[in-house]
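Below is one structure, written out as structure tokens; comments come after it.
One-based numbering, in listed order, for ligands and for the atoms of each. Predicted model only: the values in this text are computed from it and were never measured.
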Amino acid sequence: MKRILVLGATGSIGTAALDVIRSHPDDFRVAGVAVRSRAGEAERLGSEFSAPWFAGEDAAARAVRETDADLVLVATVGLSGLAPTLEAIARGIPVALATKEVLVAAGGLVTSRAREKGVPIIPVDSEHSAIFQCLQGERASSLSRITLTASGGPFLEGPPDLSAVTPEMALRHPTWRMGPKVSIDSATMMNKGFEIVEAHWLFGVPLDAIDVAIHPESVVHSLATFADGSTLAQLAPPDMRVPIQYAFTWPDRLPAARAALDLPALGSLTFRAPDESRFPALRLVREAAAAGGTRLVALAAADEVAVAGFLAGKIAFPDIVRVVADVVERTSVAECDSVEAVLAADAAARDAAQLLVK
Ligand SMILES: NC(=O)c1ccc[n+]([C@@H]2O[C@H](COP(=O)([O-])OP(=O)(O)OC[C@H]3O[C@@H](n4cnc5c(N)ncnc54)[C@H](OP(=O)(O)O)[C@@H]3O)[C@@H](O)[C@H]2O)c1
């Protein structure tokens, strides 16, 4: 019986995770749930699962300190995932990590602390779960390239002018039902840029050995290419319960009451290179990642502010990437090898972004 602490329990990932737990009552128990603002919903979940619940800005880290969990699922949004992730690592508890912004802003810090403590970080993001699954039984040193697949989001084919895009249009993802921040990040493809950085830290692969392929069917979740030229892929229906359940059961697998893929019914799977002139976020992330340190923190922080500004109707869709680029450009490059340095760079970038999102 594995006791799982679910941070971000009312969100899209949290809800899917609780579904996985409900469907395996003999294997999983909820050690606790944490949310930010929906306290009433957290209380309802606490009573359903006979588990303590926590609400508020610091609820997630508090929940890690005050519960006994065998695994912590970090599925809050943005840098709010950093404190609970570090707390879990400090307590020696394995982390199932959905909150990719944690690795974008503080990947070096988090992965080195996890290594020192021997704490596994198990990816929940479908692309990284795919690579993680392809690596089982392989030597990590044999991995030579990673190809992250991307649906391309709602604006892969049009409209030609993205300045008239509304929040409703941008939130309508063609294959995944997700929370608002990650949906907008998918529409700008900032999300895929974040995933390049996430893959770099999780699998120790250089940034220039991580490719992106547009794959609108969202069935091949990513591919790992090895030194001998073999490429392995993981395929599954586009349902986050698949990677979430794997993160909960790794290195084992449990049955799931879900139909597996029917390849003949799908007919064909397609792949193409991303159009970086239409989606400049990809290049922006690669440049910030090459500079590292404060620039990556600034990238993640400015994106949170810009996405919130777009959803509130304060800036246009193409301004999201412009605001982020502007803040990143103005951020001087420095190391960020302590929590204090990350938080200081985060606060400075948020202030700078706020001035551009009025
Ligand atoms: N959705 C997906 O399919 C998907 C796929 C891959 C990766 N991810 C990543 O997973 C993370 C979660 O995404 P999501 O789509 O599930 O987001 P979401 O639907 O917006 O849900 C966010 C959850 O986090 C909680 N939360 C936010 N700030 C918190 C804080 N400071 N302390 C405690 N709880 C807090 C929210 O609580 P309230 O409800 O009270 O506000 C809510 O339960 C993101 O980093 C995203 O990039 C998501």
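- Which of Glu101, Arg177, His173 comes nearest to atom 45 (O) of ligand 1 through a heavy atom is settled by distance: it is Glu101.
- The shortest N/O to N/O separation between Glu57 and ligand 1 falls below 3.5 Å.
- Between Asp70 and Lys2 no salt bridge is recorded (no basic side-chain N to carboxylate O distance below 4.0 Å).
- Of all protein heavy atoms, the one closest to atom 44 (C) of ligand 1 is Thr76 O, 3.6 Å.
- Among protein heavy atoms, the minimum distance from atom 46 (C) of ligand 1 is reached at Val182 CB, 3.9 Å.
- Heavy atoms from other residues, nucleotides or ligands lying under 6.0 Å from CZ of Arg29 number 12 at most.
- At least one donor-acceptor pair closer than 3.5 Å links the side chain of Ser186 to the backbone N or O of Val182.
- Checking side-chain atoms of Gln136 against main-chain N and O of Phe132 turns up a donor-acceptor pair under 3.5 Å.
- Near Gly56, meaning under 4.0 Å from any of its heavy atoms, are these atoms of ligand 1: 32 (N).
- Every atom of ligand 1 is numbered from 1 in the order shown, and the set under 4.0 Å from a heavy atom of Pro180 is 20 (O).
- Not a single heavy atom of Lys181 lies less than 4.0 angstrom from ligand 1.
- Within ligand 1, counting atoms from 1 as listed, the ones closer than 4.0 Å to a heavy atom of Ala9 are 43 (O).
- With atom 1 (N) of ligand 1 as the reference point, the heavy atom nearest to it among Pro84, Ser12, Gly11 is part of Ser12.
- For atom 37 (O) of ligand 1, the nearest protein heavy atom (residue, atom name, distance) is Arg36 N, 3.1 Å.
- In this structure, the protein non-hydrogen atom closest to atom 42 (C) of ligand 1 is Thr10 OG1, 3.5 Å.
- Cluster annotation: Leu296 and Ile121 are assigned to distinct hydrophobic clusters (Ile/Leu/Val/Met/Phe/Trp/Tyr, side-chain heavy-atom contacts under 4.5 Å, transitive).
- With 3.5 Å as the limit, one finds a donor-acceptor pair spanning the side chains of Ser151 and His173.
- Note: no N/O pair closer than 3.5 Å links Met240 and ligand 1 by distance alone.
- A donor-acceptor pair shorter than 3.5 Å can be found between the side chains of His215 and Glu217.
- The shortest contact between atom 8 (N) of ligand 1 and any protein heavy atom is with Ala98 O, 3.9 Å.
- Counting heavy atoms only, Ala75 comes closest to atom 12 (C) of ligand 1 of the residues Pro123, Ala75, Ala34.
- With hydrogens and angles disregarded, no donor-acceptor distance shorter than 3.5 Å links the side chain of Arg286 to the backbone of Asp208.
- Among protein heavy atoms, atom 17 (O) of ligand 1 sits closest to Val77 CG2, 3.6 Å.
- Considering backbone and side-chain atoms together, Ser126 places no N or O closer than 3.5 Å to any N or O of ligand 1.
- Residue, atom and distance of the protein heavy atom nearest to atom 15 (O) of ligand 1 are Gly179 N, 2.8 Å.
- Nearest protein heavy-atom neighbour of atom 6 (C) of ligand 1: Asp125 OD1, 2.8 Å.
- For the salt bridge (charged side-chain N to carboxylate O under 4.0 Å, His left out) with Glu87, the qualifying choice from Arg62, Arg113, Lys117, Arg65 is Arg65, the only one to do so.
- Here the straight-line distance linking atom CD1 of Ile131 with atom CD of Gln133 works out to 10.0 Å at 0.5 Å rounding.
- The Ile13 neighbourhood of ligand 1 comprises atoms 1 (N), 2 (C), 3 (O), 4 (C), 5 (C), 10 (O), 16 (O), 48 (C), with distances under 4.0 Å to a heavy atom of that residue.
- Looking at Thr99, Leu103, Leu97, Val72 one by one, the single match for side-chain contact (heavy atoms from CB on, under 4.5 Å) with Thr85 turns out to be Leu97.
- Close placement of the Phe317 and Phe155 rings is indicated, their centers lying within 6.0 Å of each other.
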